[in-house]
**Student:** 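First the structure, then my questions, so here it is.
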Amino acid sequence: MSGESISTFQFLGLTFNTTNLISGLAAALIVFGVVFAFSRNLKLKPTGKQNALEWVVDFTNGILRDSVDEKEEKNFGLYAFTLFLFIFVSNQIGLFLQIAWNDVTYLRSPTADPIVTLTLSLITMMLAHYSGVAKFGFKQYFERTYLSPFKIWLPIGVFTEFIDFLTLGLRIYGVIFAGEMLLKMIGGIAFSGGVVNMIVAIPLALIWQGFSVFLGSIQAFVFVTLTSVYISHKVEDE
């Protein structure tokens, strides 16, 4: 049964979350392995695995295309593709595999921790701000972002940035964390009340797992969509 605690260690006076490191590395390796396997022996006329990989590329490019122009789409296409796959895999890991020992969880969905999702949110914000400054220069970028349409817009603009950062990261965390908690509760019921409870709980667990896969997929799509919208606000001329 999955534990309720996480593992941490100290290094150079800083506390590191072992659970997040292992879970994030597992998700990254899965993404790398799938992309590596699907991109071998590429052909001009794609079939099978190459078709699936190109569909995901076209899908994420389509998300960007709805928010930014063609030039910017090329600049951020790889980021959107990688972000979507990493979040999609991260959302699903904990639904099918959770590893715990002595009531300490070592493997779960990385996105079930707000530190991970807020880090992804921060990466998106930093990339968007950097791209905006690189395109317009710092002075023009600052004026169009925080002093437009009025100079008194500055505190509202800063507050809006902070809210965007929180909502982008916490939305996906809330969905995945709640899904895993409910799955643990169903598992607890299955193994604590005999055969009758198990008979009732197993179908519920399967149904919830299927629904959670759908929710995890939607959240990956929403995160990339909001990322593309946020970036477009920084690099596109109104």
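The first residue in the sequence is number 1, and the count goes up from there. The model shown is predicted, which means the values in this text are computed figures rather than measured ones.
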**Student:** Checking side-chain contact (heavy atoms from CB on, under 4.5 Å) against Phe162, which of Thr160, Leu166, Val158 comes through?
**Tutor:**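 When side-chain contact (heavy atoms from CB on, under 4.5 Å) is applied between Phe162 and each of Thr160, Leu166, Val158, only Leu166 qualifies.
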**Student:** What about Ile176 and Ile123, same hydrophobic cluster or not, with Ile/Leu/Val/Met/Phe/Trp/Tyr joined at side-chain heavy-atom distances under 4.5 Å?
**Tutor:**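 Same hydrophobic cluster.
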**Student:** Is there a path of hydrophobic side-chain contacts, each under 4.5 Å between heavy atoms, that joins Tyr141 and Tyr130?
**Tutor:**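 No, Tyr141 and Tyr130 fall in different hydrophobic clusters.
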**Student:** Under 4.5 Å between side-chain heavy atoms, counting indirect links through other Ile/Leu/Val/Met/Phe/Trp/Tyr residues: same cluster for Phe36 and Ile30 or not?
**Tutor:**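 They do not share one cluster, since no chain of ILVMFWY contacts under 4.5 Å joins Phe36 to Ile30.
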**Student:** Is it true that Phe81 and Phe59 have ring centroids separated by less than 6.0 Å?
**Tutor:**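 Here the rings of Phe59 and Phe81 have centres that are no less than 6.0 Å from each other.
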**Student:** Carefully, step by step, assess Asp113 and Asn17 under the rule side-chain contact (heavy atoms from CB on, under 4.5 Å).
**Tutor:** CA-CA 10 Å; Asp113 191 305; Asn17 188 317; 3.7 Å; yes
**Student:** Among side-chain atoms of Thr111 and Asn91, is any donor-acceptor pair under 3.5 angstrom?
**Tutor:**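 Side chains of Thr111 and Asn91: pair found under 3.5 Å.
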**Student:** Assigning hydrophobic clusters by single linkage (Ile, Leu, Val, Met, Phe, Trp, Tyr; side-chain heavy-atom cutoff under 4.5 Å), is Leu25 placed with Leu120?
**Tutor:**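 In one cluster: no.
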**Student:** Would you call the rings of His129 and Tyr146 parallel, tilted or perpendicular, taking 30° and 60° as the class edges?
**Tutor:**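 Taking Tyr146 first and then His129, their aromatic rings lie parallel (interplane angle under 30°).
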**Student:** When you measure from the side chain of Gln50 to the backbone of Phe38, do you find a donor-acceptor pair of N or O atoms at a distance under 3.5 Å?
**Tutor:**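 No: the side chain of Gln50 does not pair with the backbone of Phe38.
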**Student:** Establish, yes or no, whether the cationic atom of Arg144 lies under 6.0 Å from the six-membered ring centre of Phe136 and within 45° of the ring axis.
**Tutor:**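 Yes - Arg144 lies over the ring of Phe136, closer than 6.0 Å to its centre and within 45° of its axis.
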**Student:** Please confirm whether the backbone N or O of Ser90 pairs with a side-chain atom of Ser109, one donor and one acceptor, at under 3.5 Å?
**Tutor:**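 Pair found, side chain donor or acceptor close to backbone of Ser90.
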**Student:** Quick check: does any side chain N or O of Ser23 sit under 3.5 Å from a backbone N or O of Pro110, one acting as donor and the other as acceptor?
**Tutor:**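 Not at all, since once roles are kept as given, no pair shorter than 3.5 Å links the two residues.
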**Student:** Where is the tightest heavy-atom contact between Ala80 and Thr60, given as atom of each residue plus distance?
**Tutor:**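 That would be O-CG2, 3.9 Å.
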**Student:** How many angstroms lie between atom CD1 of Ile172 and atom CZ of Phe223, to the nearest 0.5 angstrom?
**Tutor:**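 The distance works out to 6.5 Å.
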**Student:** Does the Thr117 side chain pair with the main chain of Gly169, one donor and one acceptor, at a distance under 3.5 Å?
**Tutor:**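 Present.
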**Student:** Among the clusters formed by ILVMFWY side chains lying less than 4.5 Å apart, do Ile93 and Val35 turn up in the same one?
**Tutor:**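 Yes.
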**Student:** Is the closest basic N to carboxylate O distance between Lys234 and Glu161 below 4.0 Å?
**Tutor:**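 The answer is yes: the pair qualifies as a salt bridge.
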**Student:** What heavy-atom pair brings Pro114 and Tyr173 nearest, and what distance separates the two atoms?
**Tutor:**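 Taking every non-hydrogen atom into account, CD-CE1, 3.3 Å.
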**Student:** Under the side-chain contact (heavy atoms from CB on, under 4.5 Å) rule, what do Thr225 and Tyr230 come out as? Steps first, then yes or no, please.
**Tutor:** CA-CA 9 Å; Thr225 299; Tyr230 188 83; over 6 Å; no
**Student:** Counting only N and O atoms by type, is there a donor-acceptor contact under 3.5 Å from the side chain of Thr167 to the main-chain atoms of Asp164?
**Tutor:**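 Yes.
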**Student:** Supply the members, apart from Phe16, of the Ile/Leu/Val/Met/Phe/Trp/Tyr cluster built from side-chain contacts under 4.5 Å; use none for a lone residue.
**Tutor:**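 Hydrophobic cluster check, Phe16: joined to Phe9, Phe11, Leu12, Leu14, Leu21.
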**Student:** Say whether, by atom type as modelled, one donor and one acceptor occur between the side chain of Ser232 and the main chain of Val229 under 3.5 angstrom.
**Tutor:**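 Yes.
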**Student:** Step by step, work out the side-chain hydrogen bond (donor to acceptor under 3.5 Å, both in side chains) result for Tyr79 and Thr124.
**Tutor:** CA-CA 9 Å; Tyr79 177 66; Thr124 289; 2.7 Å; yes
**Student:** May I ask you to test the Ser228-Phe76 pair for a side-chain heavy-atom distance under 4.5 Å?
**Tutor:**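 Answer no - side chains too far apart.
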